[in-house]
2 protein chains.
Amino acid sequence: MKASIKDVALRSGVSVSTVSRTLSKPNLVLPETRDTVLAAARALDYHASRSAASLKSGQTMRIALLSGSAASTWFNANAFAGLDSVLHDAGYDTSIFTMANVEKRREFFDQMPVLRNADAVVVNSFDIDSREAVRLKAVNVPIIGLNVPSNVGFDAAVSIDDRRAMRMAVDHLAAIGHRRIAYVYTKADDSTGMRFSAETRLQGFMQACATHEGMRPEQIAIDTDADAVNAVLGYLDATAPAPTALCLQSDGIALPVLFRLRQYGRDIPRDLSVIGFDDVPLAKAVGLTTLGQDPYALGRAAAVRTLAAINGTPHEPRFATQPVRLMLRETTAVPHTGR
Amino acid sequence: MKASIKDVALRSGVSVSTVSRTLSKPNLVLPETRDTVLAAARALDYHASRSAASLKSGQTMRIALLSGSAASTWFNANAFAGLDSVLHDAGYDTSIFTMANVEKRREFFDQMPVLRNADAVVVNSFDIDSREAVRLKAVNVPIIGLNVPSNVGFDAAVSIDDRRAMRMAVDHLAAIGHRRIAYVYTKADDSTGMRFSAETRLQGFMQACATHEGMRPEQIAIDTDADAVNAVLGYLDATAPAPTALCLQSDGIALPVLFRLRQYGRDIPRDLSVIGFDDVPLAKAVGLTTLGQDPYALGRAAAVRTLAAINGTPHEPRFATQPVRLMLRETTAVPHTGR
DNA sequence: TTGTATGCGTTATCAC
DNA sequence: GTGATAACGCATACAA
């Protein structure tokens, strides 16, 4: 078995309390004893048992992360990495609860497995209902939102402004002369209520269009990302006059659409402007104009607020909105007059 | 404060040991008392303190994940999701240690913060040296490899066969008549020894080429993914005769190259065949021929072996190689004779 | 089948 | 500034 605090005490000729003190608040002990203890600890490769420390201190040193979607998506992977980059260094482990479907979700809020086993819970990208918020409150730890549609029920939250982002896209297209813009989005085939971001973008798109004289917004709904290309191609062929610009819910669907359209002879942006959402690395590489967000930074911001909330010293502003930037590249241009 | 085991005992009129027993091995208690206890537990929203349980049992219920690269890459995000999907359900938290650079790496192996604080450590995508292996052994828990170049020092490991994958690519190209193939790869600008996969692929490519009569392999080294397009374009223009096929280290660089080459007028696959590595979602969407791997499954396989090793009942085979599949799509074809 | 007693490795409260 | 000592909440050996 490995060294415990007792072994360190023995080896350095002091009591366990002194060892503990040396490790947690070194300035309360004599420099010389501090050196002795530290030397012994290093020699023995001593590390405090996190379980024991947690039990005594009452801190679980665990953060529960509730996620509405798989951890492997571009957004989530980056957001989680951002979260973990500050949480891990602060000594916290992150426990991910993926609410892939309604059953999992109900089960979680029914059982509340995090009760007494987390120092905070961060909710990622889904819309908790009021009943769930109440259950969560019972855990009696800070609740932090990461990309949530509403701040009610949260001690802190940081999200992006989907609505404003869509306005930037529409304003840009309108400014260069577009009046017929089609929005491409995935249909809400699930009733899990975990795709509010998609819904908000659609709303934002429509609202932004309404502010422009003569704007004629259109919608192309697709079942899954994989269907995007065919759906768009079909729509373009069947619609006259065809839209002069495409606004797509994410780069994940914008990229293949852009790719295939060009391959099939469309001149983008001359015949058709295309604008995505996310700014994944590939978007930059291929010159896709898109709305850029930074999920890694979002995760870090959420983590900072989480730690602050645990400490009881709220990080201000408690509720923040991360800006989305319009990344002007090569796929939007003045619409071709077709003469 | 929330309910502890005592509260449950009080409410159900039994001793704490009976409560503990009911929760861990329900078949050792009378059905009626079991029901009573369970009811009380549910009513009080009781969940055992993981810290206390860990302290007593000696199990930390934590897995340390050592990673040589950021958690947000496509491979890592999926591999980690796969790992967590089985580890989390088994009650384990995963603590990620990202060894972004040599200092972090040295610091980790110097300090060994996981000592007494993990039930297993899984090493992701980097090549631990013998000194590090020794240090790791001192933790006295199973060491599992996830995509590691060598199995020595590991209790179990699961990886992909980069060499065999490259052979499939080269064989395919050779079979349809290619003799001048250029391999595009990122240079080892770091000395962290964490990109063995890239190196192995290059070696595999060269070795595979050597088995084909008249094959003339070439290499295009790039600094970063972002430089790939220019480097390839430059190479193609400067080299005569130009290669008839491109083999790229990853889809992340293959996709933009494919995209830009087509945009600049190259007819792919007529003028040039292109083959990537990974099979990211976009590769399928745009028809990129590539070598497909499944990091999510890889993660799950590693997790299964991790749990088995902890239980002392090794999962056989302890060392496994996940197959890579050649995804034949639209970017490879018989080389154009140029007449 | 159930209850009692003990200890897991810390930290915190006190004396000293 | 340092050292005894008492919890923290649970799981288990043993007694009943």
Side-chain angles (χ1 to χ4, degrees), chain A residues 1-38 40-41 44-62 91 93 113-119 139-140, chain B residues 1-38 40-41 44-62 91 113-119 139-141:
Chain A
M1 230 22 209
K2 294 300 132 197
S4 86
I5 197 171
K6 259 186 199 150
D7 303 310
V8 181
L10 244 53
R11 187 184 230 269
S12 48
V14 299
S15 71
V16 290
S17 355
T18 300
V19 176
S20 176
R21 223 176 279 122
T22 306
L23 266 27
S24 50
K25 17 193 95 107
N27 42 341
L28 289 190
V29 345
L30 231 44
E32 49 194 74
T33 64
R34 181 169 55 74
D35 293 347
T36 322
V37 171
L38 256 30
L44 295 171
D45 267 334
Y46 169 74
H47 287 276
S49 154
R50 308 195 72 197
S51 305
S54 288
L55 177 58
K56 186 56 191 153
S57 69
Q59 301 261 57
T60 70
M61 299 312 280
R62 256 181 285 249
D93 282 343
V114 294
L115 220 39
R116 297 207 312 156
N117 282 309
D119 294 335
V139 183
N140 231 13
Chain B
M1 229 23 208
K2 294 299 130 196
S4 87
I5 197 172
K6 258 187 201 151
D7 303 308
V8 181
L10 245 53
R11 188 185 230 267
S12 48
V14 299
S15 70
V16 291
S17 33
T18 300
V19 175
S20 175
R21 230 177 274 122
T22 306
L23 266 29
S24 50
K25 15 191 97 105
N27 43 341
L28 290 189
V29 347
L30 231 44
E32 49 194 71
T33 65
R34 181 169 54 74
D35 293 345
T36 321
V37 170
L38 256 32
L44 295 171
D45 267 334
Y46 170 75
H47 287 276
S49 154
R50 309 194 71 197
S51 306
S54 288
L55 178 57
K56 184 61 186 142
S57 69
Q59 301 261 57
T60 69
M61 299 312 281
R62 256 180 286 249
V114 294
L115 219 41
R116 296 206 312 155
N117 283 309
D119 295 334
V139 184
N140 231 14
V141 297

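The chains referred to below are lettered A, B, ... by the order of the sequence lines, with proteins before strands, and numbering in each begins at 1. Small disclaimer: the values here were computed from a predicted structure and weren't measured.
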Show me the donor-acceptor pairs, under 3.5 Å and distance only, between side chains in residues 47-54 of chain A and residues at least two apart or in other chains.
| residue | atom | partner | partner atom | Å |
| --- | --- | --- | --- | --- |
| A:H47 | NE2 | B:Q111 | O | 2.5 |
| A:H47 | NE2 | B:M112 | O | 3.3 |
| A:S49 | OG | A:S51 | N | 3.4 |
| A:S49 | OG | A:A52 | N | 3.1 |
| A:R50 | NH1 | A:D93 | OD2 | 3.4 |
| A:R50 | NH2 | A:G91 | O | 2.1 |
| A:S54 | OG | A:R50 | O | 2.9 |
| A:S54 | OG | A:Q59 | O | 3.1 |

Atom pairs and distances, donor-acceptor, side-chain atoms in residues 22-34 of chain A, under 3.5 Å, two or more places apart:
| residue | atom | partner | partner atom | Å |
| --- | --- | --- | --- | --- |
| A:T22 | OG1 | A:T18 | O | 2.6 |
| A:S24 | OG | A:S20 | O | 2.9 |
| A:T33 | OG1 | A:L30 | O | 2.8 |

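Rounded to an integer number of Å, the gap from CG of B:L10 to C1' of C:dG3 is 14 Å. The CD atom of B:Q59 sits 14 Å away from the P atom of C:dG9 (whole-angstrom rounding). Atom CG of A:L55 and atom C1' of C:dA12 are 13 Å apart (whole Å).
With sequence neighbours left out, A:D119 forms a side-chain hydrogen bond (donor to acceptor under 3.5 Å, both in side chains) with A:T60. Qualifying side chain to side chain contact (heavy atoms under 4.5 Å, CB included) partners for B:V141, counting only residues two or more places apart in sequence or in other chains: B:V121, B:V139. A:D35 pairs by the salt bridge (Lys or Arg N to Asp or Glu O under 4.0 Å) definition with nothing, not counting sequence neighbours. Considering only residues two or more places apart in sequence or on other chains, A:S4 meets the side chain to side chain contact (heavy atoms under 4.5 Å, CB included) condition with A:K6, A:D7, B:R116.
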(request) Classify every nucleotide of nucleotides 10-16 of chain D by which part a protein heavy atom approaches to under 4.0 Å, writing B for the base, S for the sugar-phosphate alone and - for neither, in 5'-to-3' order. (result) BBBB---
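Contacts of residues 26-38 of chain A with DNA chain C (heavy atom under 4.0 Å): none.
For the pair B:I5 and B:Y46, the tightest heavy-atom approach, listed with the atom from each and the gap, is N-CE1, 3.4 Å. Contact record, A:V8 with A:A41: CG1-N, 4.0 Å, taken as the closest heavy-atom pair.
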